[in-house]
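Remarks on the structure that follows.
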Amino acid sequence: MFSHLLPVVVAFLPATVSAYGRIGHWLTGEIAHHLLSAPAKEWTNALLPEYDGSLARAALWADEVKPPWSKSHHYVNPPRDCTALSPTNCNCILSAIGNYTTRLADPTTPHPARNEALKFVIHYIGDIHQPLHVSGRFKGGTEMKVLFDSHHTSLHEVWDYLMLERSTKFLGLSRTDYAQHLLSNYPSPTPCPSSSSSFSPSPTLPACPLLWGTESANLNCGLVWANLTIGTDLAHSGYYDVALPALEQGVVAAAYRIATLINAIVEMPHDADPETLLKIQI
Ligand SMILES: *[C@@H]1O[C@H](CO)[C@@H](O)[C@H](O)[C@H]1NC(C)=O
Ligand SMILES: *[C@@H]1O[C@H](CO)[C@@H](O)[C@H](O)[C@H]1NC(C)=O
């Protein structure tokens, strides 16, 4: 049932979104950087020389290059909102997180591929926390026309960047200070239960895209679409006030999960058997 829905959504994110969809990714990378262990900071510095080790800047790369074969890796469409995501064959964000986590963790991956894997992993973990990357409705909200602060836009853009930009402005903070503000105001997220390691390359690595995607699917039915009143200005009708904290919480959760994953990879014993890393359960 699940896989039948996939062909319907091929042309999902219009290219225009990527020009603006940056503050969310930038923030997840920036906050994650604060949460890295000292050895993990050294490791990412060495792996991302073109960004001077900045996860915030590296987090944008996957949207900037976006080769056609990678487009379906930015999202997944559950059969319905509110359903737990299940392991299934897909060429989607779930399999992409599994694939690039594996390649990142494998010490035999050559540098260019490991550099690319890190940039993809950071980006896709951000995307899976943006609930509209886990909703098939109106092509992830890109075709849901709404009004935000007197501006005609789509629901997808409201969640990608408009609410975060508005919040930054309202607080009068730089992006860097806004990242700090979010880190101080939201708790660390639910850790990945060790039993749900589907799509995880190894039981010792905390990659848990099914759990993360299910959280987003629940947010879709509980808030993203449920509280939407068409014809009102979402910035002023109460929607923003309800949605912003959920979005901010997701940004912080994504950051913790990116950092936890990188810290775990760096701590892995150097003689870890690459074979065990390659057992992705799809
Ligand atoms: C994993 O990523 C590599 C590099 O982008 C790609 O060539 C390969 O097809 C991917 N494997 C799967 C199973 O998606
Ligand atoms: C959001 O929508 C749900 C479902 O209609 C409703 O139960 C809930 O009270 C709404 N939340 C807010 C804060 O308006």
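Side chains are part of it too, since the values below use all heavy atoms of this structure and drop only hydrogens, waters and symmetry mates. Note that ligands are numbered from 1 as they come in the structure, with each ligand's atoms numbered from 1 the same way.
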Margin query: Is it the case that the side chains of His73 and Asp127 hold a donor-acceptor pair, with the cut-off being a distance below 3.5 Å and no angle test?
Written below: no
Next item on the list: Would you mind running through ligand 1 and noting each atom that sits below 4.0 Å from a heavy atom of Tyr100?
Entry: 2 (O), 4 (C), 5 (O)
Margin query: Just to check, does Trp69 reach to within less than 4.0 Å of ligand 1 when the distance is taken from its heavy atoms?
Written below: yes
Note to self: Under 4.0 Å from a heavy atom of Asn99: which atoms of ligand 1 are those, numbered in the order shown and with their elements?
What the structure shows: 1 (C), 2 (O), 3 (C), 8 (C), 10 (C), 11 (N), 12 (C), 14 (O)
Check: With a 4.5 Å limit on heavy-atom distance, are the side chains of Val224 and Leu132 in contact?
Finding: yes
Margin query: Does the plane of the ring in Phe138 sit parallel, tilted or perpendicular to the ring in Trp225? Use 30° and 60° as the thresholds.
Written below: parallel
Notebook entry, point to check: Is there a donor in the side chain of Glu248 and an acceptor in the side chain of Asn185, or the other way round, less than 3.5 Å apart?
Noted result: no
